[in-house]
Every structure is written in C-alpha cells, then in structure tokens.
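Working notes, beginning with the structure itself.
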Amino acid sequence: MDEFFEIAKTDFLATFEGAWMFPLLLLCAVLILWKEPDRTRKLLIGLLPLTAVFIYWFPPTGMFLMKVLGENIYWRILWLILVAVTIPYALCLLLRKCSGLRRQAAFLLCLALVALCGTPLLASEEFLDSTNEYKIPQYVIEVCDLLPENIHAMVSNRLLPYIRQYDTSITLEYARNAFDSALLEEGRSNVEKLYLEMQEDEIDLSYLAPLAKEEGCTFIVLSNTRTYIGEWEDYGYEKYASTADFDIFVDMDYEEGQDTRKWED
C-alpha cells in the first residue's frame with residue numbers, strides 16, 4: 001500500500017505542480033453541489049470531479065485500477081476531473097448573483113483568481129519557439145536533409161514523431177513508443193526486437209545490424225551519444241553522415257537513388 005500511495009502522490013503532484021488549481025477545483029465542486037438547482041448538472045459537474053478524486057486516492061479502487069491500467073497509465077484517471085468545466089461553471093453561478101458594475105467587477109476578480117491559481121501555459125518545457133516554417137525541431141530537418149528520398153529507415157525515438165511530417169517519402173520501421181517492453185513476451189517479432197535493442201544504453205551491433213538488414217532498414221539514425229558493442233562495418237553498415245546531434249548509418253548494399261521503401265503513400 002505504501003508503494004501505491006507513493007506512486008499516486010508523485011503523479012498527483014506532477015499533475016498539479018506549482019498551482020493552486022486543485023484547491024480551487026474542490027471549492028467550486030462543493031459550491032456547485034450547494035447552489036446548482038439542476039440535479040443532472042449537479043451530478044455531472046459537481047459530484048463527478050469529487051468521485052474521480054476519491055477513486056484515485058481510495059486504496060482498493062486505486063490499486064485495482066493501477067494493476068489493470070498499469071502504473072504509467074493510472075494517473076490519467078485525473079483526466080476525468082473536469083477542471084475546465086467545473087471551475088468556470090461555479091464562478092458563473094457566483095456571477096449570476098451580481099448585476100451591473102458589480103458583475104463586471106466580479107468577472108474581473110474571477111479572471112484574476114483563475115490566473116493566479118494556475119500556471120502559465122507557455123512556460124511549460126513542452127512549448128518552444130519555432131525555428132522553421134514547419135514548426136518541428138530543427139534537428140529533425142537537419143537529419144531529413146541528409147537522408148535520400150524513398151528510403152526505409154529506423155531512427156531514434158526523438159525523431160519518430162516528426163520524420164514523415166517533413167518527408168513522407170521516408171518510411172519508418174516502427175512508430176513512436178510502438179511497444180511497451182513490460183508487456184512483451186518471448187516469441188516477439190523482429191520489429192519488436194529491434195525496438196527494444198534500440199532502447200539499450202549500449203547497443204549490441206551483432207544483434208541489431210543483422211536484424212535491421214533482414215527487415216530492410218536501409219538507414220539507421222541514432223543519437224551521437226550512443227555507444228555500441230562492435231563495429232558497424234563488420235555487420236554491413238557504414239557511417240553515411242552526421243549532424244550536431246545524430247549519426248546516420250547506411251546499408252553497404254544500398255545504391256544511391258534506390259527505392260527501399262516498405263510501402264508507397
């Protein structure tokens with residue numbers, strides 16, 4: 001049970017970190033239960049958020065759902081809390097009690113309350129200034145500009161979400177976070193084996209390279225900080241090009257201009 005509370009606490013604090021939005025949410029949910037005359041709205045907007053919080057923290061339901069959903073997914077129960085609905089609706093109930101200039105002043109106070117209790121959205125590390133017209137990381141464009149068209153590649157996880165946004169002529173061996181290693185069992189496919197080996201701190205080329213050639217991975221792109229057991233040249237690949245962040249390796253049997261795609265768009 002201690003492990004459950006530690007995981008639940010860590011994920012909960014990460015969700016509401018640096019904000020007073022959660023206490024405000026609880027106050028608004030209670031206000032809706034108290035002031036809202038419509039039974040359906042009271043249940044959906046007032047009771048549902050409190051129920052989700054209870055399910056999240058109550059050990060029997062929490063441990064059961066954590067086992068069913070997985071420790072890395074369990075925190076998404078917090079998505080059931082209708083923050084963007086409950087708080088504005090409760091504040092509107094308050095504004096309904098005012099009129100004229102008082103309502104306008106109360107509206108401004110409500111806006112200030114929400115702003116002060118929250119955190120600046122654009123301050124998140126997920127938001128970066130765009131460095132190009134495609135609005136994708138510049139390191140992706142640098143890699144794509146070095147890769148030929150109409151090829152099949154296996155690339156670093158950092159590149160997976162963006163490669164085909166920039167160049168759809170490149171096909172990829174697998175998608176971002178395609179497999180959950182915790183769920184894989186013996187008898188996995190070559191694609192799954194390649195994915196898992198690509199996640200290793202030190203990649204065994206005697207294992208990775210032959211599988212990559214068998215699967216038709218003409219190009220392999222990895223971070224230049226990765227380390228390897230063995231030499232690429234011993235297993236049919238050689239260095240093709242580099243950027244500031246990535247090294248690109250190519251199948252020695254590849255001929256410039258060759259179409260090695262696994263499918264056509």
Side-chain angles (χ1 to χ4, degrees), residues 2 4-59 61-63 65-66 69-140 158 161-162 165 176-177:
D2 289 342
F4 160 74
F5 279 114
E6 185 62 31
I7 295 172
K9 176 185 174 182
T10 300
D11 291 340
F12 185 86
L13 292 178
T15 302
F16 293 99
E17 183 179 10
W20 288 91
M21 196 61 70
F22 183 70
L24 179 61
L25 172 75
L26 294 181
L27 289 174
C28 289
V30 172
L31 178 64
I32 291 172
L33 291 175
W34 179 30
K35 292 293 187 180
E36 173 56 50
D38 184 85
R39 180 182 177 85
T40 300
R41 294 177 184 175
K42 182 179 293 188
L43 293 176
L44 291 178
I45 309 176
L47 185 60
L48 182 59
L50 298 178
T51 302
V53 173
F54 176 80
I55 290 173
Y56 182 86
W57 283 107
F58 187 54
T61 56
M63 288 188 289
L65 291 172
M66 190 176 290
L69 300 175
E71 294 179 3
N72 296 328
I73 304 296
Y74 173 69
W75 66 275
R76 294 183 183 178
I77 290 175
L78 298 173
W79 288 0
L80 298 176
I81 301 176
L82 306 176
V83 177
V85 176
T86 300
I87 293 177
Y89 190 84
L91 296 179
C92 285
L93 288 179
L94 291 177
L95 292 176
R96 192 168 61 181
K97 303 294 184 180
C98 305
S99 60
L101 290 176
R102 287 184 178 180
R103 176 174 290 182
Q104 295 179 28
F107 175 71
L108 293 176
L109 287 175
C110 289
L111 288 181
L113 180 64
V114 172
L116 291 173
C117 289
T119 54
L121 179 63
L122 296 181
S124 169
E125 63 181 11
E126 303 298 328
F127 290 88
L128 302 172
D129 291 335
S130 177
T131 56
N132 54 71
E133 61 183 358
Y134 297 95
K135 294 182 173 57
I136 61 177
Q138 188 62 31
Y139 59 76
V140 178
R158 290 172 59 199
Y162 309 108
Q165 290 185 46
R176 179 167 62 102
N177 297 328

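This chain uses plain numbering: 1 for the first residue, then up along the sequence.
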- Mind checking what makes side-chain contact (heavy atoms from CB on, under 4.5 Å) contact with Phe58, not counting sequence neighbours? Phe54, Pro60, Thr61

- Query: What do you reckon, is OH of Tyr139 surrounded by more than 12 foreign heavy atoms closer than 6.0 Å?
  - Reply: yes

- CE-CG distance between Met21 and Leu26, expressed to the nearest 0.5 angstrom: 12.0 Å

- Just grab all the side chain to side chain donor-acceptor pair (under 3.5 Å) pairs involving residues 86-115, residues at least two apart or on different chains. Glu36-Tyr89, Arg41-Tyr89

- CG/Leu108: more than 12 non-hydrogen atoms of other groups inside 6.0 Å: yes

- Message: Applying ring pair (Phe, Tyr, Trp, His ring centres under 6.0 Å) as the test, list every pair that has at least one member in residues 11-49; sequence neighbours left out.
- Response: Phe12-Phe16, Phe12-Phe22, Phe12-Trp57, Phe16-Phe22

- Sequence neighbours left out, what passes side-chain contact (heavy atoms from CB on, under 4.5 Å) with Leu13? Give chain and number order. Lys9

- ring pair (Phe, Tyr, Trp, His ring centres under 6.0 Å) filter on Phe4, not counting sequence neighbours, yields none

- Query: Could you give the distance from SG (Cys28) to CG (Leu113), rounded to the nearest 0.5 Å?
  - Reply: 7.5 Å

- Message: Please report the interatomic distance SG(Cys110) to CG(Leu95), rounded to the nearest 0.5 Å.
- Response: 4.5 Å

- Of all heavy-atom pairs between Leu33 and Gly46, which one has the smallest distance, and what is that distance? CD2-C, 4.0 Å

- Are Val114 and Leu91 side-chain neighbours, meaning at least one heavy-atom pair lies under 4.5 Å? yes

- Item | side chain to side chain donor-acceptor pair (under 3.5 Å) contacts touching residues 43-55 (sequence neighbours left out) | none

- Message: Run the ring pair (Phe, Tyr, Trp, His ring centres under 6.0 Å) test against Phe5 and tell me which residues pass, sequence neighbours left out.
- Response: none

- Which atom pair, heavy atoms only, marks the closest approach of Gln165 to Ile136? OE1-CG2, 3.5 Å

- Working to the nearest 0.5 Å, report the span between OH of Tyr74 and CE of Met63. 9.5 Å

- Please list, chain by chain and in numerical order, all residues satisfying side-chain contact (heavy atoms from CB on, under 4.5 Å) with Thr10, sequence neighbours excluded. Glu6

- Message: Nearest 0.5 Å, please: how far is CD1 in Ile45 from CD1 in Ile87?
- Response: 12.5 Å

- Note on the structure: Residues at least two apart in sequence or cross-chain that pass side-chain contact (heavy atoms from CB on, under 4.5 Å) with Val30, listed by chain then number, are none

- Distance col, row Ile55:CD1 vs Leu80:CG, nearest 0.5 angstrom, shows 7.5 Å

- Message: How close do Thr15 and Asp11 get, counting heavy atoms only, and between which atoms?
- Response: OG1-O, 2.8 Å

